[in-house]
Amino acid sequence: MTGTKAGGKKWMQSMIEIHGSRQAVREHMREVGAKGGKAQVTKGFGSNPELARIAGAKGGRISRRRKKETI
């Protein structure tokens, strides 16, 4: 969100102006944080952990192969 202490204070001031109080800002951030990781995506590795395990194993084997020597 911010890179410095001064930026953090400025961010908090603007959030207080938007939400009304420091407690409201904390509640808002709690709600936003609770949403993390709960997205229900029906495609990709999220719906099939076994497929993710197999793909990760393949990638691990490939990355550990020796370089082919050129003739």
Side-chain angles (χ1 to χ4, degrees):
M1 292 182 189
T2 61
T4 63
K5 283 186 178 183
K9 289 180 180 181
K10 187 175 179 181
W11 173 83
M12 182 54 94
Q13 272 307 118
S14 64
M15 290 299 285
I16 289 172
E17 290 173 9
I18 293 169
H19 294 285
S21 69
R22 189 174 288 267
Q23 183 62 32
V25 172
R26 287 189 184 128
E27 185 62 31
H28 169 72
M29 295 309 289
R30 188 176 292 119
E31 290 171 8
V32 170
K35 292 180 182 180
K38 291 186 180 181
Q40 295 295 319
V41 179
T42 59
K43 60 182 181 177
F45 290 136
S47 62
N48 192 346
E50 181 63 20
L51 186 61
R53 188 192 68 76
I54 293 168
K58 285 181 182 178
R61 282 192 302 269
I62 290 171
S63 69
R64 287 174 174 78
R65 287 186 187 166
R66 296 181 73 183
K67 302 289 183 199
K68 292 183 179 180
E69 295 182 20
T70 56
I71 300 176

J.: Residues two or more places apart in sequence or in another chain: which of them pass side-chain contact (heavy atoms from CB on, under 4.5 Å) with His19?
T.: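 side-chain contact (heavy atoms from CB on, under 4.5 Å) list for His19, sorted by chain: Met15, Ala24, Val25, His28.
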
J.: According to the salt bridge (Lys or Arg N to Asp or Glu O under 4.0 Å) rule, which pairs have a member within residues 18-29, sequence neighbours left out?
T.: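 Only Glu27-Arg30 qualify under salt bridge (Lys or Arg N to Asp or Glu O under 4.0 Å).
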
J.: Show which side-chain atoms of residues 48-62 pair as donor or acceptor with protein atoms under 3.5 Å away, not counting sequence neighbours.
T.:
unit_1 : atom_1 : unit_2 : atom_2 : d
Asn48  : OD1    : Glu50  : N      : 3.4
Asn48  : OD1    : Leu51  : N      : 3.3
Glu50  : OE2    : Arg53  : NE     : 3.4
Glu50  : OE2    : Arg53  : NH2    : 3.0

